[in-house]
There are 2 protein chains.
Amino acid sequence: MTTASTGGPRWLTDEEQRVWRAYLHATTLLEDHLDRQLQRDAGMPHIYYGLLVQLAQAPRRQLRMTELAKNAKITRSRLSHAVARLEKSGWVRREDCPSDKRGQNAVLTQEGYEMLRRSAPGHVSAVRQAMFDRLTPEQVRTLGEIMQVMAAGLQPEGTDADLPWLR
Amino acid sequence: MTTASTGGPRWLTDEEQRVWRAYLHATTLLEDHLDRQLQRDAGMPHIYYGLLVQLAQAPRRQLRMTELAKNAKITRSRLSHAVARLEKSGWVRREDCPSDKRGQNAVLTQEGYEMLRRSAPGHVSAVRQAMFDRLTPEQVRTLGEIMQVMAAGLQPEGTDADLPWLR
DNA sequence: TCTATCTAGTTCAACTTTCAAGAAAAGGTC
DNA sequence: GACCTTTTCTTGAAAGTTGAACTAGATAGA
């Protein structure tokens, strides 16, 4: 299945193929599952829920748009649209940033906070059922390691940790 | 951090939270990365590429729509749109199913096959760099196990394996 | 056969994401 | 200040996704 070092591409071994398919299968099933669960129970897709969680954990339940986009790993454009929608739903409000007139703070409203509190148990339970209740402690530990390694390798350039002249 | 058994929701432990965030972080980074790579090199998102791969591996490079949707874990609706787009690009063609007049076969065209052959090495290499080249063999093995367990737990009902009267 | 039900696939409208373009403010240099 | 570059955020159009409604053909029972 693998090409000997003839300069051609290194294909995946049989085991790697199995793992890759299992990965795609499991991650898409889980993402779909959580999207449906949250759409049903909180009226929004998973990513939007994640934005509210970020805000809820931020100092005054607010974050600069760029900061929020960075945390959630989405583009500023996408965030603009998303916050517009969340604003229309009443869960987020925009405020001008006092120190930078270009800036906007996305602020979690009280309603948004309440909504989060109501739907958090169901969401945690869905995550638990899908992942943590099915894995051994050892598997959970290893999964953490693996995901850290992968994330590190995919980190977009420009992170401090990746600038050689800062090492 | 965890609620003692008071009947309240079982929150995630600190470690579980770390693992969950790492999981979300890594999986979104990887999906974004592959989407960009394939959009650039093959002119389509990752999921569309997956459809072509399925077709390429099918008996006569063709599959019934429903079958293809099931394999790719997407709705029939989404597949209809996707195939319409792939048809416009010339990589797939629809054919009426001879045995069932409701049915349609999605057929990989020769152009589609060529395109796949051209872009496969780059795609495999991207997957490799992001995942397999960074993990130890032991980690790859464990990742496979974990993903299988998770997928099994999320399997939509109605799969043969889940029908108790067939066991 | 007649009818009810089910299945395959498409279509529509509402929503989300992407990409490119643009407005406004900040920062740096002369 | 004048000029240029960068940063912040928004906008608009095109592409993609979703869920419900719909058409046509298959299937099963009386």
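What you see is a predicted model, and the numbers here were worked out from it, not measured in a lab. Per chain, numbering begins at 1; letters A, B, ... match sequence-line order.
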Peer 1: Is the base of dG9(C) touched by the side chain of R102(B) through a donor-acceptor pair closer than 3.5 angstrom?
Peer 2: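 Not at all, since no donor on one side and acceptor on the other fall under 3.5 Å apart.
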
Peer 1: Tell me: CD1 of I47(B) to P of dA15(D), nearest whole Å?
Peer 2: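 My rounded result for the distance is 19 Å.
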
Peer 1: Quick one: do R10(A) and D133(B) make a salt bridge, cutoff under 4.0 Å?
Peer 2: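 Between D133(B) and R10(A) there is a salt bridge, with a charged N closer than 4.0 Å to a carboxylate O.
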
Peer 1: What about S77(A), does its side chain sit under 3.5 Å from the base of dT11(D) through a donor-acceptor pair?
Peer 2: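 It does, because a donor-acceptor pair links the side chain of S77(A) to the base of dT11(D) below 3.5 Å.
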
Peer 1: I'd like to know if the side chain of K73(B) and the backbone of N71(B) have a donor-acceptor N/O pair within less than 3.5 Å.
Peer 2: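 Indeed, once roles are kept as given, a pair shorter than 3.5 Å links the two residues.
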
Peer 1: Using the six-membered ring of Y113(A), assess whether NZ or CZ of R61(A) lies under 6.0 Å from its centre and within 45 degrees of the ring axis.
Peer 2: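 Positive - R61(A) is close enough to the ring of Y113(A) and near enough to its axis.
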
Peer 1: 5'-most contact on DNA chain D: D35(A) or R94(A), nearest heavy atom basis?
Peer 2: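 It is R94(A), whose closest nucleotide lies nearer the 5' terminus.
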
Peer 1: Answer yes or no: is there an ion pair linking R128(B) with E16(A), defined by an N-O contact shorter than 4.0 Å?
Peer 2: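 Result for this pair is yes, salt bridge flagged.
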
Peer 1: Please give, in whole Å, the distance from dT11(D) P to L79(A) CG?
Peer 2: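 Rounded to the whole Å, the gap is 13 Å.
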
Peer 1: At less than 4.0 Å, is any side-chain N or O atom of R64(A) found next to OP1 or OP2 of dC9(D)? Yes or no.
Peer 2: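 It does, given that an N or O in the side chain of R64(A) lies less than 4.0 Å from OP1 or OP2 of dC9(D).
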
Peer 1: Measure CD/E87(B) against P/dT10(C) and give the value in whole Å, please.
Peer 2: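 One finds 9 Å between P of dT10(C) and CD of E87(B), rounded.
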
Peer 1: To the nearest Å, give me how far apart CG (D100(B)) and P (dC6(C)) are.
Peer 2: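 Between P of dC6(C) and CG of D100(B): 17 Å.
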
Peer 1: Mind checking I74(B) for me? I need base, sugar-phosphate or nothing, with any heavy atom below 4.0 Å counting as a touch.
Peer 2: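 No contact.
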
Peer 1: For the residue pair N105(B) and E95(B), confirm or rule out a side-chain donor-acceptor distance under 3.5 Å.
Peer 2: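 N105(B) vs E95(B): no donor-acceptor pair found between side chains.
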
Peer 1: Quick one: D96(B) CG to dT10(C) P, roughly how many Å, whole number?
Peer 2: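 Value for this atom pair: 10 Å.
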
Peer 1: Which is more 5' along DNA chain C, the nucleotide nearest M65(B) or the one nearest R85(A)? Just name the residue.
Peer 2: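 Counting from the 5' end, the first nearest nucleotide belongs to M65(B).
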
Peer 1: Checking contacts here: which listed nucleotide (dT10(C), dC9(D), dT16(C)) is nearest the side-chain heavy atoms of Q104(A)?
Peer 2: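 Closest nucleotide among those given: dC9(D).
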
Peer 1: Figure out the CZ/P separation between R78(A) and dC15(C), and round it to whole Å.
Peer 2: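 It works out to 17 Å between those atoms.
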
Peer 1: Could you tell me the separation between the CZ atom of R76(A) and the C1' atom of dT7(D), rounded to a whole number of Å?
Peer 2: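 My rounded result for the distance is 7 Å.
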
Peer 1: Could you give the CE-to-C1' distance, from M44(B) to dA14(D), as a whole number of Å?
Peer 2: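 One finds 18 Å between C1' of dA14(D) and CE of M44(B), rounded.
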
Peer 1: If you pin K101(B) and Q39(B) to their nearest nucleotides in DNA chain D, which one's is more 5'?
Peer 2: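 Comparing both residues, the 5'-ward one is Q39(B).
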
Peer 1: Map H81(B) and E67(B) onto DNA chain C by nearest heavy atom, then report which one ends up closer to the 5' terminus.
Peer 2: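 The residue closer to the strand's 5' end, by nearest nucleotide, is E67(B).
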
